[in-house]
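Structure record follows, encoded as structure tokens.
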Amino acid sequence: IELITENPYRLVDEIWGIGFKTAEQIAGKLHVDKYDARRIQAGILFLLGQYGKAGNTYAEKSWLIDRASSVLKCTSEYIEEILLAMKEDQRLIITNVIDHPERQGVYLKAVYHAETGIAKQMQIKSEAQLDTPIPWKKSYNHIPEYLNDKQRLAVKKSMQENMLIL
């Protein structure tokens, strides 16, 4: 109980099924300051987790700062300060977005390493020379008429490439 009283947000990390909203209710009853860094960190992790559940691997830093500022009722400058501290503590990865180097993406550390690891493996496999041709690739030269143009292109590319993601 002493540990929970000291930091109710640790429940989010340590007890399955307790989320940020529950920790927030407990913290409210304990009169935890809304600017407590542990609260802001837990809120940022919560927002990134929610964004991830929607299928995103990272959040654009400017979006995350605005959203966290709104949800947590703190200044954007304070949110950014906490984000940078979380980066220094290696709890988050903040990096330039590949297609938009002027933007920065904020990743949960595990998600970043998973995504970059998969990308590296895909690059290795796509550049690999096949020792033996795949038999069906040589014999399958008929593309069904009922496919639309995009589907036809996908079938053609699948015959030419080692790897294709649709």
Side-chain angles (χ1 to χ4, degrees), residues 1-127 148-151 153-154 157-158 161 163-166:
I1 292 181
E2 183 180 324
L3 293 174
I4 294 168
T5 303
E6 180 187 317
N7 179 11
Y9 297 100
R10 74 183 300 158
L11 294 170
V12 175
D13 293 329
E14 295 178 7
I15 300 177
W16 186 87
I18 294 192
F20 177 74
K21 292 178 182 178
T22 302
E24 194 67 330
Q25 290 173 344
I26 294 167
K29 291 176 183 171
L30 296 171
H31 306 290
V32 173
D33 184 3
K34 76 174 188 172
Y35 289 100
D36 188 301
R38 297 168 299 190
R39 174 181 178 266
I40 306 306
Q41 290 174 3
I44 288 169
L45 294 174
F46 168 75
L47 289 171
L48 282 171
Q50 292 298 309
Y51 207 55
K53 285 180 184 176
N56 302 289
T57 56
Y58 72 91
E60 198 169 310
K61 185 179 171 188
S62 61
W63 175 89
L64 182 60
I65 290 170
D66 290 345
R67 184 78 179 125
S69 178
S70 173
V71 169
L72 300 170
K73 309 290 187 236
C74 293
T75 66
S76 55
E77 293 81 14
Y78 188 58
I79 299 294
E80 185 163 17
E81 182 182 316
I82 297 295
L83 270 176
L84 294 176
M86 293 175 79
K87 178 184 176 183
E88 289 297 316
D89 293 343
Q90 298 183 359
R91 293 187 72 195
L92 297 175
I93 305 288
I94 301 175
T95 186
N96 291 344
V97 176
I98 291 174
D99 294 341
H100 303 280
E102 72 281 1
R103 299 180 188 164
Q104 290 194 305
V106 181
Y107 291 81
L108 293 171
K109 186 177 178 180
V111 173
Y112 176 82
H113 290 299
E115 185 173 83
T116 55
I118 290 168
K120 286 176 188 171
Q121 287 301 311
M122 288 174 53
Q123 183 176 13
I124 290 167
K125 293 191 184 315
S126 71
E127 293 171 354
N148 67 34
D149 290 342
K150 285 184 180 179
Q151 291 169 325
L153 181 61
K157 282 192 174 275
S158 73
E161 304 292 335
M163 179 184 300
L164 180 69
I165 299 175
L166 300 175

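Contact check for Y51 versus Y58: no side-chain heavy atoms found under the 4.5 Å cut-off. For the pair Q41 and R91, the minimum side-chain heavy-atom distance is below 4.5 Å. In this structure the side chain of K61 reaches within 4.5 angstrom of the side chain of E80, judged on heavy atoms. In this structure, the side chains of S62 and Q104 stay at 4.5 Å or more apart for every pair of heavy atoms. Between V32 and P8, the closest side-chain pair of non-hydrogen atoms falls below 4.5 Å. In this structure the side chain of L92 reaches within 4.5 angstrom of the side chain of L45, judged on heavy atoms.
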Q.
The test is side-chain contact (heavy atoms from CB on, under 4.5 Å); show your working for I40 and C74 and say whether it passes.
A. CA-CA 9 Å; I40 306 306; C74 293; 3.3 Å; yes
Q: For I118 and M122, run side-chain contact (heavy atoms from CB on, under 4.5 Å): C-alpha distance rounded to whole Å, both residues' side-chain angles, the deciding distance at 0.1 Å, then the answer.
A: CA-CA 6 Å; I118 290 168; M122 288 174 53; 3.7 Å; yes
Q. Can L108 and T57 be said to form a side-chain contact (heavy atoms from CB on, under 4.5 Å), step by step?
A. CA-CA 8 Å; L108 293 171; T57 56; over 6 Å; no
(Q) Could you go through Y112 and T95, starting from their C-alpha distance and side-chain angles, then the distance that decides it, and tell me whether this counts as side-chain contact (heavy atoms from CB on, under 4.5 Å)? (A) CA-CA 10 Å; Y112 176 82; T95 186; 4.0 Å; yes
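When the side chain to side chain donor-acceptor pair (under 3.5 Å) test is applied to Y107, the partners found at least two apart in sequence or on another chain are E115. By the salt bridge (Lys or Arg N to Asp or Glu O under 4.0 Å) test, D36 is found to be paired with R38, residues two or more places apart in sequence or in another chain being considered. Not counting sequence neighbours, R67 has no partner by the salt bridge (Lys or Arg N to Asp or Glu O under 4.0 Å) test.
In this structure, CD1 in I79 is found 11.5 Å from CG in L84, a value given to the nearest 0.5 Å. Between the CZ atom of F46 and the NZ atom of K21 there is a distance of 4.5 Å, given to the nearest 0.5 Å. Separating the CG atom in D33 from the CG atom in L30 is a distance of 13.0 Å, to the nearest 0.5 Å. Separating the CG atom in L64 from the OG atom in S76 is a distance of 11.5 Å, to the nearest 0.5 Å. L83 CG to I94 CD1: the interatomic distance, rounded to the nearest 0.5 Å, is 5.0 Å.
Checked options L47, L48, I93; the residue passing with V106 is L48 (criterion: side-chain contact (heavy atoms from CB on, under 4.5 Å)). In summary, of the residues considered (I65, V71, I82), a side-chain contact (heavy atoms from CB on, under 4.5 Å) with I44 occurs for I82 alone.
Within the 3.5 Å criterion, the main-chain N or O of K34 finds a donor-acceptor partner in the side chain of R39.
A 6.0 Å sphere centred on CG of D149 holds no more than 12 heavy atoms belonging to other residues, nucleotides or ligands.
Note: Y35 and Y78 have perpendicular aromatic rings, judged against thresholds of 30 and 60 degrees for the angle between ring planes.
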